[in-house]
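What you see below is based on every heavy atom in this structure, not just the backbone, and it leaves out hydrogens, waters and symmetry mates. Each chain gets a letter, A, B and so on, in the order its sequence line appears, and its residues count up from 1. As the structure is a computational prediction, the values presented were derived from the model and not from experiment.
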Number of protein chains: 2
Amino acid sequence: MSSKRNGPAPKVETKAWVPVTIRDVAKVAGVSTGTVSNVLNRPDIVAGATRQRVLDAVDSTGFIRNTQAYQLRGGRSHTVGVVVLDVSNPFFTEMFRGAESRLQSEGYVLMLASTDDSIEREANFVRAMEEHRVEGILITPAAADLANLSGLKTRGVPTVLLDRKATADEFCSVTVDDIRGGELAARHLFDAGHANIVFVNGPTAIRQCRDRRQGVRKAVRARAKASSIEATELSVAALTVRHGEEVVDRILAISPRATAVMCANDLLALGVLRGLAQRGVRVPEDLAVVGYDDLIFGSMLSPALTSVRQPAFELGVTAAQLLLDEVHNPDHRHREVRFEPELVVRASSSSSH
Amino acid sequence: MSSKRNGPAPKVETKAWVPVTIRDVAKVAGVSTGTVSNVLNRPDIVAGATRQRVLDAVDSTGFIRNTQAYQLRGGRSHTVGVVVLDVSNPFFTEMFRGAESRLQSEGYVLMLASTDDSIEREANFVRAMEEHRVEGILITPAAADLANLSGLKTRGVPTVLLDRKATADEFCSVTVDDIRGGELAARHLFDAGHANIVFVNGPTAIRQCRDRRQGVRKAVRARAKASSIEATELSVAALTVRHGEEVVDRILAISPRATAVMCANDLLALGVLRGLAQRGVRVPEDLAVVGYDDLIFGSMLSPALTSVRQPAFELGVTAAQLLLDEVHNPDHRHREVRFEPELVVRASSSSSH
DNA sequence: TCTAATTATTGAAACGTGTCAAGTACTCGA
DNA sequence: TCGAGTACTTGACACGTTTCAATAATTAGA
């Protein structure tokens, strides 16, 4: 890193900006503060000439309304807090974009924080947002229990859970049906004629992994009666590319040899693809591969990766919608909106074998 | 999407939460509001027994300090605004994480907004953040000129430009030396023995594309005297995978045939890789490929993609640091901190040919 | 015991805005 | 010309907090 200065490094301008209040504007326009406020909030009830004079004064003074005062007086904060586990995870950013697109048309500004799975940081953020009097919070809870959120509940701060079901009916929530997703992927392979598949799963401590496994098992049960099919489950310690690469030997060691692999997420699948390429195993001819999450780069690989897409953007939009309902509708009732995952079939599992 | 309700859909709890003020706490604790405020802000000056009584009252009432009132009275907002072009771009989210990591240890909360290149939306966000009295703004300006930011300047809102140099010394800024990045990539290929390379560039209306091209040309000039080398420039309309895929035929049509391709970003490179794979051209044996940006998935490809890494996280940290300096240090002077890009050599250009 | 010094607590003012009852100026009809 | 509307404008108050001069209570010193 290099730090460079142009010329004689001029001191930052000294004429300090003195905050312009509604009172300054009133003085310049030669009216009372009440009138200025009216021009700002109900322009219709003030005479044309006066209105113009005030607007000119606003311009010439560079007045910017102080939201805190407005809010203190009883106005809304027009702010919503979003708390996710990890901002750099595309799933969360897509969700954020969805929420943003819905909320910004209503004039809201979003506060974003990522907890990195830390319950303590989560508590801090939630508290800070409450202090800022956000009108609502969208959150992916870090902890299994929802202890950090009990305050929100009792204080009546509208809250929507992201990709997480409420224990009782305490909050609204938006979720994706991971059981169905697992089922979809497995069924796709069976439909394509694979009778012997491998399911590479992550730690079952993660709810998503548990659910996806359950979906796979469901698909197996549904077919097991009619035909002779089988699914071998392999488990890895983490959902990473490396772990996917390392599990390849175990996959190939299975006998009779499997003809398809389903991975609990795209990173695992990517690792598997690399491992297979290194060993000269062709995809999908020798072995079909399916992932989960539909990360953007999966579609850019060759062969492009079949995967299960989660409608992250729509999750965000819907969460925002639920929040708005809770904010504005006095008859609001909490509910869970569950989304269906979608199988995106691409070359890595296309039935050209 | 399916909407499901459990049981008899209980109406949301009716006992509306009445906001607890410092006055309520004072009443419960049997002290004055001044004392409560002291307990909250300067606990040391209040007697132990009283302090405890107040703290108990805070707990039992569930009091949460109202930041607006605090702020109105002259306190700081502990809020920083971040405005980027696109939240779903990993470069920006990494930068955001960097800024977050630096600022959250100082107790700040971040407001995030993405403009999607719209000057109008940018103006709205900046205005909203000013109304919220953010203590500073980190921004990637959408427009070529900085008209949207002139208000920030005159009103003295600390502002740091992200990946963009200030025209004069109006603001602090953090940038990455794209000229150097282009030079690094091209030089790497020349060093590896390639004498005839192709540079696939995007629209030169984009500053980054202009700069990277300039870097490539610089590398060419530096070598042209000593040996006979050449760089053919191809231009595509957008920095996407598809455009990369489509440019492959033009690359292969060049005669004498080039031995290496440098792309203005990783998406282009990815498209090129796909196009080459489809035509049976081996990488790096027949043709070496280099990208730019070092997107995470580049490392997961096989062959893994050589690329130029931009220290996005560090950019964010530094931007935050500059902002904090401008906020706290009365002797603050604006400056540009320029980061060096880093070449990450991987299999797609490794000299095993 | 009395004074001085120290320690704790109080309560009112101020921050910038929106609201609203009250006031003023103006218009129209008779 | 007067009265009754009508159309604008005013200005004090409230929102929840911090600050600070003033007061009260306690302690130390002589």
Checklist entry - When you measure from the side chain of A:Arg42, which nucleotide among D:dT17, C:dT17, C:dT19 comes out closest? => result C:dT19

Checklist entry - Counting side-chain heavy atoms from CB outward, which of D:dT10, D:dT18, D:dT17 is closest to B:Phe63? => result D:dT17

Checklist entry - When the distance from CG of A:Leu72 to C1' of D:dT17 is rounded to whole Å, what number comes out? => result 8 Å

Item to check | Of B:Arg133 and B:Asp44, the one whose closest DNA chain C nucleotide lies more 5' | outcome: B:Asp44

Checklist entry - Base, sugar-phosphate, or nothing for A:Gly74, non-hydrogen atoms under 4.0 angstrom? => result nothing

Checklist outcome for this item: Of B:Gly30 and B:Ala69, the one whose closest nucleotide on DNA chain C sits nearer the 5' end is B:Gly30

Next on the checklist: Given D:dG11, C:dG18, C:dT10, identify the nucleotide with an atom nearest to the side chain of B:Asn38.
Outcome noted: C:dT10

Checklist outcome for this item: Rounded to whole Å, the NZ-P distance (A:Lys27 to C:dT17) equals 13 Å

Next on the checklist: If you only use heavy atoms from C-beta on, which nucleotide in D:dT9, C:dG16, D:dT19 is closest to the side chain of B:Ser37?
Outcome noted: D:dT19

Checklist entry - Taking atom C1' of C:dA8 as reference, at what distance in whole Å does atom CZ of B:Arg53 sit? => result 12 Å

Checklist outcome for this item: Output for pair (A:Glu131 CD, B:His78 NE2), nearest 0.5 Å, gives 9.5 Å

Checklist entry - Roughly, in whole Å, what's the span from CD1 in A:Ile45 to C1' in D:dT9? => result 9 Å

Next on the checklist: Can you classify the ring geometry of A:His334 versus A:Phe171 as parallel (below 30°), tilted (30 to 60°) or perpendicular (above 60°)?
Outcome noted: tilted

Next on the checklist: D:dT10, OP1 or OP2 - any side-chain N/O from A:Thr35 closer than 4.0 Å?
Outcome noted: yes

Checklist entry - For A:Thr21, which contact category applies under a 4.0 Å heavy-atom criterion: base, sugar-phosphate, or nothing? => result sugar-phosphate

Next on the checklist: How close do B:Ala319 and B:Leu162 get, counting heavy atoms only, and between which atoms?
Outcome noted: CB-CD2, 3.5 Å

Next on the checklist: Nearest whole Å is fine: how far is C:dG16 P from A:Asn41 CG?
Outcome noted: 17 Å

Checklist entry - When you look at B:Ser37 and B:Asn41, which way does the side-chain hydrogen bond (donor to acceptor under 3.5 Å, both in side chains) test go after all the steps? => result CA-CA 6 Å; B:Ser37 181; B:Asn41 302 295; 3.2 Å; yes

Checklist entry - Expressed in angstrom and rounded to an integer, what is the separation of B:His78 atom NE2 from D:dT18 atom C1'? => result 14 Å

Checklist entry - When the distance from CD1 of A:Ile64 to C1' of C:dG16 is rounded to whole Å, what number comes out? => result 14 Å

Next on the checklist: If you compare every side-chain N and O of A:Asn66 against the phosphate oxygens of C:dT17 (OP1, OP2), does one of them come in below 4.0 Å?
Outcome noted: no

Next on the checklist: Taking only side-chain N and O atoms of B:Thr50, does any of them lie within less than 4.0 angstrom of OP1 or OP2 on C:dT9?
Outcome noted: yes

Item to check | Pairwise distance OH(B:Tyr70) to CD1(B:Ile22) - rounded to 0.5 angstrom | outcome: 12.5 Å

Item to check | Exercise: identify the closest heavy-atom pair between A:Glu170 and A:Lys153 | outcome: O-NZ, 3.0 Å

Checklist entry - Would one find a side-chain N or O of B:Arg73 under 4.0 angstrom from OP1 or OP2 of C:dG16? => result no

Item to check | Sugar-phosphate only, base, or nothing, as touched by B:Arg23 at under 4.0 Å among non-hydrogen atoms | outcome: base

Checklist entry - Could you state the CD-C1' distance from A:Gln71 to C:dT17, rounded to the nearest angstrom? => result 12 Å

